[in-house]
There are 2 protein chains.
Amino acid sequence: MKLLVVEDDETTGTYIARGLREEGHTVDLVTNGRDALIQATSVGYDVLIVDRMVPQIDGMTLVKTLRGAGNRTPVLFLTSLGSVEDRIEGLTAGGDDYLVKPFAFGELSARVAALARRAPTVAQETTLHAGDLTMDLLSRRVIRAGREISLLPREFAILEHLLRRKGRVQTRTMLLEAIWDISFDPMTNVVETHISRLRAKVDRPFDTDLIQTVRGAGYRIDA
Amino acid sequence: MKLLVVEDDETTGTYIARGLREEGHTVDLVTNGRDALIQATSVGYDVLIVDRMVPQIDGMTLVKTLRGAGNRTPVLFLTSLGSVEDRIEGLTAGGDDYLVKPFAFGELSARVAALARRAPTVAQETTLHAGDLTMDLLSRRVIRAGREISLLPREFAILEHLLRRKGRVQTRTMLLEAIWDISFDPMTNVVETHISRLRAKVDRPFDTDLIQTVRGAGYRIDA
DNA sequence: CTTCGACCACCAGCAGTTTCATGGACAGAT
DNA sequence: ATCTGTCCATGAAACTGCTGGTGGTCGAAG
């Protein structure tokens, strides 16, 4: 099982990591929130073990950020704070379990195993690609050929939708339902307009066109 | 097996219902979307057979509504013409299969049986093959001998129709009804013209011909 | 067995229609 | 006031159906 431990206290961190490794798991250890975010988004973990109090990005914010980006990896919070409020906050932020220090290693191990069993994880994508274009869902950034492209929210949503369904034609109706959440024909060319604006930013300044029109059907980004 | 047929055309509806009853199934028949919704939610069916175009609530919306309510009954769509857009939606909106009218009853029967078994192969039937040619319905792409062929909507529809009925001769009349949705002779040679254009793209650049003329009858793609 | 005529199929080009792209105007939200 | 989302009008491009000429096929008659 692949685990990430986020703990700034060196002693505690290595102690946990060694214990889990002895149980046969692969363990990465980072000591601050930013590294944790990078690791968690670039590597697929089965469970994250996160100290509430770590430098740069605190554990709570870290998890909220991951959840916001669609990452559903189960999280076990470690904390020396044990107030009821803290627990509630931890659980509602998307953290799946909570362990108050000091704890017996056996309990940690058992909870990690339980979390992993409860939510068999598939590594979550946080970046989407097509050709020389990269979309980072966490930072909400789009880069093409080294240049950053700034997109409006709606444009971002459309591009994300197309990228997630790379190679498949998306009809106007599908887009209307997915992006605008309406299931009827608005009798206008909203979709065309937004596609046009998106193209102006994403395709026009570059040589090759990513967004393709499929006449009589819809739009598509090539695989 | 308990089945619900949603079809507003009386002739077709009773035809389907009788055929299925003769196979030993219990069949309910309704002629509009609202009755269908009521029936489907109050009675447990094994498969729904739904015409795309029915009064009050159209087939598409009906199924979406059911899915939204957590109903996972497999659905077989019946669609007469079917614009390209309609077809793509049918494949991805939660309907498990679709059948283009006119169809052989045997085919309907087989598909219903497959759906009831929840055979995953049916739902994934989004690519059609013949020789070295592959048609991907989702991406709306046709590849032959590694090369991509770009087809116009009508050409695409014809090729799809022929591929779905591989080995069987399709008469001009059948094509007119299936692709153009007209049941009279237009007194022109539309079909020939489009077949010709299709051949120019699909057959001429290659060694062997897929589309064969059956003199005095129609066209066929060999199995 | 060949020839002829009738029929059928093929195909290139044209023109009408439909569909799509785009720039600009406008209204609502922040 | 600025930014965002929507609507509208226009022009361009794509698509479709038709026409008419050409070539091929079949059967019957010579």
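Computed from a predicted structure; not experimentally measured. Naming: A, B, ... by sequence-line order, numbering from 1 per chain.
Taking the charged nitrogens against the carboxylate oxygens, B/Glu155 and B/Arg197 have no contact shorter than 4.0 Å, which rules out a salt bridge. Ion pair B/Asp132/B/Arg147 not flagged as a salt bridge, since none of the NZ, NE, NH1 or NH2 atoms sits closer than 4.0 Å to an Asp/Glu carboxylate oxygen. A salt bridge links A/Asp28 with A/Lys2: the distance from a Lys NZ or Arg NE/NH1/NH2 to an Asp or Glu carboxylate oxygen falls below 4.0 Å.
Atoms CD1 (B/Ile179) and P (D/dT16) sit 11 Å apart, rounded to a whole Å. In this structure, the CD atom of B/Glu155 is 15 Å from the C1' atom of C/dC10, given to the nearest Å. Counting to the nearest Å, the P atom of C/dC11 and the CG atom of B/Asp203 are 10 Å from each other. Atom CZ of B/Arg140 is separated from atom C1' of D/dC15 by 12 Å (rounded to the nearest Å). The separation between B/Ile158 atom CD1 and D/dG17 atom C1' is 12 Å, rounded to whole Å. A/Arg154 places its CZ atom 11 Å from the P atom of D/dC7, with the value rounded to the nearest Å. Atom CG in B/Leu176 sits about 15 Å away from atom P in D/dT16, given to the nearest Å. Atom pair B/Trp180:CH2 and D/dC15:P shows a separation of 16 Å (rounding to whole Å applied).
The salt bridge (Lys or Arg N to Asp or Glu O under 4.0 Å) pairs that include a residue from residues 207-223 of chain B are B/Arg220-B/Asp222, where partners are two or more places apart or lie in different chains.
One finds the CG atom of A/Leu48 at 9.5 Å from the CG atom of A/Leu76 (value rounded to the nearest 0.5 Å).
Side-chain atoms of A/Thr213 and A/Arg199 include a donor-acceptor pair closer than 3.5 Å.
For the helix from C/dC1-D/dG30 to C/dT30-D/dA1, the angle separating the two terminal helix axes comes to 30°, with each axis derived from five pairs and the value rounded to 10°.
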Report all interatomic pairs (protein N or O, nucleotide N or O of nucleotides 19-23 of chain C) with separations under 3.5 Å.
| from | atom 1 | to | atom 2 | distance (Å) |
| --- | --- | --- | --- | --- |
| C/dT19 | O2 | A/Arg215 | NH2 | 3.1 |
| C/dC20 | OP1 | A/Arg172 | NH2 | 2.7 |
| C/dC20 | OP1 | A/Gly216 | N | 3.2 |
| C/dC20 | OP2 | A/Arg172 | NH2 | 3.3 |
| C/dC20 | O4' | A/Arg215 | NH2 | 3.0 |
| C/dA21 | OP1 | A/Arg199 | NH1 | 2.6 |
| C/dA21 | OP1 | A/Thr213 | OG1 | 2.4 |
| C/dA21 | OP2 | A/Tyr219 | OH | 2.5 |
| C/dT22 | O4 | A/Asn189 | ND2 | 2.9 |

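For the OP1/OP2 pair of D/dG17 and a distance below 4.0 Å, the side-chain nitrogens and oxygens of B/Thr188 include no atom meeting the criterion.
Across A/Leu151, A/Leu210, A/Ile149, A/Ile195, a single residue satisfies side-chain contact (heavy atoms from CB on, under 4.5 Å) together with A/Leu159, and that is A/Leu151.
Taking each heavy atom of A/Ile211 and A/Tyr219 in turn, the nearest pair found is CG2-CD2, 4.4 Å.
Proximity of a side-chain donor or acceptor of A/Arg144 to a complementary backbone N or O of A/Val202 within less than 3.5 Å is detected.
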